[in-house]
Amino acid sequence: VSVNPVPTINVTPATVVRCLGVSGKLRAQSQIPGTISYPSGTLGISIPDDNATGINNSQLVSLPSGAIITNASVTLNINHTFMGDITINLKAPNGNTLNLFNQHGGSGNNLTNTVISSAGTTTLASGLYSVPNGNWTLALYDDAGSDVGSLVNWTLTISYVIQPAITWTPASGLFVDSAQTIAYTGTSVSEVFAAPATTTTYTATANQEGCTAIASGLASVNPLPASIDGPASVCAASSMTCTNTTGGGTWTSLHTDVA
């Protein structure tokens with residue numbers, strides 16, 4: 001039985017206030033985090049002494065569709081009587097190789113549950129992450145004679161996020177550009193520009209393999225002010241009365257004798 005995680009989603013701002021005919025941006029954010037480990041199990045593979053070919057061991061990684069790696073770590077257990085002889089590399093499915101360990105430790109023995117991670121001083125570079133699925137290969141070699149050892153086991157741990165598809169309803173009054181030239185047609189987008197004729201609640205739905213979550217944003221529409229009622233012109237030394245039919249606002253004039 002495969003259990004898919006339920007996404008979370010939020011829309012910002014919760015309310016966008018705008019005048020009729022002007023668009024306001026609504027943005028939905030949704031991510032599903034995950035972490036998965038690939039332990040090698042007990043290996044006990046001997047590391048050839050003073051041999052640049054060394055040994056390789058691979059883990060087949062299969063992350064969910066759409067997963068984006070955010071960080072990774074390698075946990076190492078190696079028995080060796082002179083760690084200063086050992087070089088360790090990690091090769092990703094995209095073909096890039098990162099050196100994890102380069103003859104550190106001098107005459108010290110062994111690596112025991114040693115973790116090299118994205119948060120460490122020696123980081124796992126993001127250049128490895130572009131192709132998450134496939135074989136991740138650990139390669140070790142011993143470049144000096146006399147001391148021997150073995151790869152006991154190793155574990156690759158990958159953290160990732162999935163960005164679910166996001167759709168908006170209703171589509172009426174939504175655009176994918178602030179100039180309102182391209183209408184929203186129901187495709188997956190995280191941002192839309194709302195320009196409805198009346199105040200409208202828009203719902204964003206995040207969908208990851210049938211598991212959904214919703215959040216809403218309100219596009220509040222303020223009406224344009226009504227026109228001012230009054231005569232178009234008056235004779236000199238006469239008075240006129242103008243009425244603001246909507247109330248509120250301020251009066252201004254280019255003439256100082258208007259009160």
Closer than 3.5 angstrom, by distance alone: can the side chain of [X] be matched with the main-chain N or O of [Y] as a donor-acceptor pair?
{"X": "Asn207", "Y": "Ala165", "result": "no"}
{"X": "Ser172", "Y": "Pro170", "result": "no"}
{"X": "Ser23", "Y": "Ala195", "result": "no"}
{"X": "Asp49", "Y": "Ser146", "result": "yes"}
{"X": "Trp168", "Y": "Ala28", "result": "no"}
{"X": "Tyr184", "Y": "Phe193", "result": "no"}
{"X": "Asp142", "Y": "Ile86", "result": "no"}
{"X": "Ser30", "Y": "Thr8", "result": "yes"}

#### Entry: Worked verdict on Thr137 versus Leu90 for side-chain contact (heavy atoms from CB on, under 4.5 Å)
CA-CA 6 Å; Thr137 301; Leu90 180 67; over 6 Å; no
In one Ile/Leu/Val/Met/Phe/Trp/Tyr side-chain cluster, 4.5 Å: [X], [Y]:
{"X": "Val6", "Y": "Tyr160", "result": "no"}
{"X": "Leu156", "Y": "Ile45", "result": "yes"}
{"X": "Leu218", "Y": "Val192", "result": "no"}
{"X": "Val148", "Y": "Ile78", "result": "no"}
{"X": "Leu111", "Y": "Val152", "result": "no"}

### Step-by-step side-chain contact (heavy atoms from CB on, under 4.5 Å) determination, Val189 to Thr167
CA-CA 6 Å; Val189 292; Thr167 54; over 6 Å; no
Are a donor atom and an acceptor atom from the side chains of [X] and [Y] found within less than 3.5 Å of each other?
{"X": "Thr212", "Y": "Thr205", "answer": "no"}
{"X": "Thr157", "Y": "Ser37", "answer": "yes"}
{"X": "Thr75", "Y": "Thr155", "answer": "no"}
{"X": "Ser58", "Y": "Asn135", "answer": "no"}
{"X": "Asn77", "Y": "Trp154", "answer": "no"}
{"X": "Ser150", "Y": "Asn79", "answer": "no"}

Are side-chain heavy atoms of [X] and [Y] found at a separation under 4.5 Å?
{"X": "Tyr202", "Y": "Thr169", "value": "no"}
{"X": "Asn222", "Y": "Val17", "value": "yes"}
{"X": "Ile158", "Y": "Leu63", "value": "yes"}
{"X": "His80", "Y": "Asp147", "value": "yes"}
{"X": "Ile88", "Y": "Ile116", "value": "no"}
{"X": "Val16", "Y": "Leu26", "value": "yes"}
{"X": "Ser65", "Y": "Glu209", "value": "yes"}
{"X": "Asn57", "Y": "Ser40", "value": "yes"}

Taking atom [atom1] of [X] and atom [atom2] of [Y], what is their separation to the nearest 0.5 Å?
{"X": "Ser190", "Y": "Arg27", "atom1": "OG", "atom2": "CZ", "result": "4.5 Å"}
{"X": "Ile166", "Y": "Thr187", "atom1": "CD1", "atom2": "OG1", "result": "11.5 Å"}
{"X": "Gln163", "Y": "Gln29", "atom1": "CD", "atom2": "CD", "result": "10.0 Å"}
{"X": "Asp177", "Y": "Glu191", "atom1": "CG", "atom2": "CD", "result": "12.0 Å"}
{"X": "Leu174", "Y": "Thr200", "atom1": "CG", "atom2": "OG1", "result": "8.5 Å"}
{"X": "Ile69", "Y": "Asn133", "atom1": "CD1", "atom2": "CG", "result": "8.0 Å"}

Of the non-hydrogen atoms in [X] and [Y], which two are nearest, and what is the gap between them?
{"X": "Thr199", "Y": "Ser220", "answer": "OG1-CA, 3.6 Å"}
{"X": "Gly41", "Y": "Asn153", "answer": "O-CB, 3.2 Å"}
{"X": "Val11", "Y": "Ser216", "answer": "CB-O, 3.8 Å"}
{"X": "Asn94", "Y": "Tyr129", "answer": "ND2-N, 4.1 Å"}
{"X": "Pro7", "Y": "Ala206", "answer": "CG-O, 3.8 Å"}
{"X": "Leu76", "Y": "Val74", "answer": "CD2-CG1, 3.6 Å"}

### Task
Determine, stepwise, if the pair Ile32 / Gln208 fulfils side-chain contact (heavy atoms from CB on, under 4.5 Å).
CA-CA 9 Å; Ile32 303 172; Gln208 178 62 29; 3.7 Å; yes
### Task
Show your working on side chain to side chain donor-acceptor pair (under 3.5 Å) between Thr35 and Ser159 and close with a plain yes or no.
CA-CA 4 Å; Thr35 299; Ser159 296; 3.1 Å; yes
### Query
Between Tyr141 and Thr87, is a side-chain contact (heavy atoms from CB on, under 4.5 Å) present by the stated rule, with each step listed?
CA-CA 6 Å; Tyr141 68 90; Thr87 297; 3.6 Å; yes
### Task
Evaluate whether atom CD1 of Ile214 has more than 12 neighbouring non-hydrogen atoms of other residues, nucleotides or ligands under 6.0 angstrom away.
no
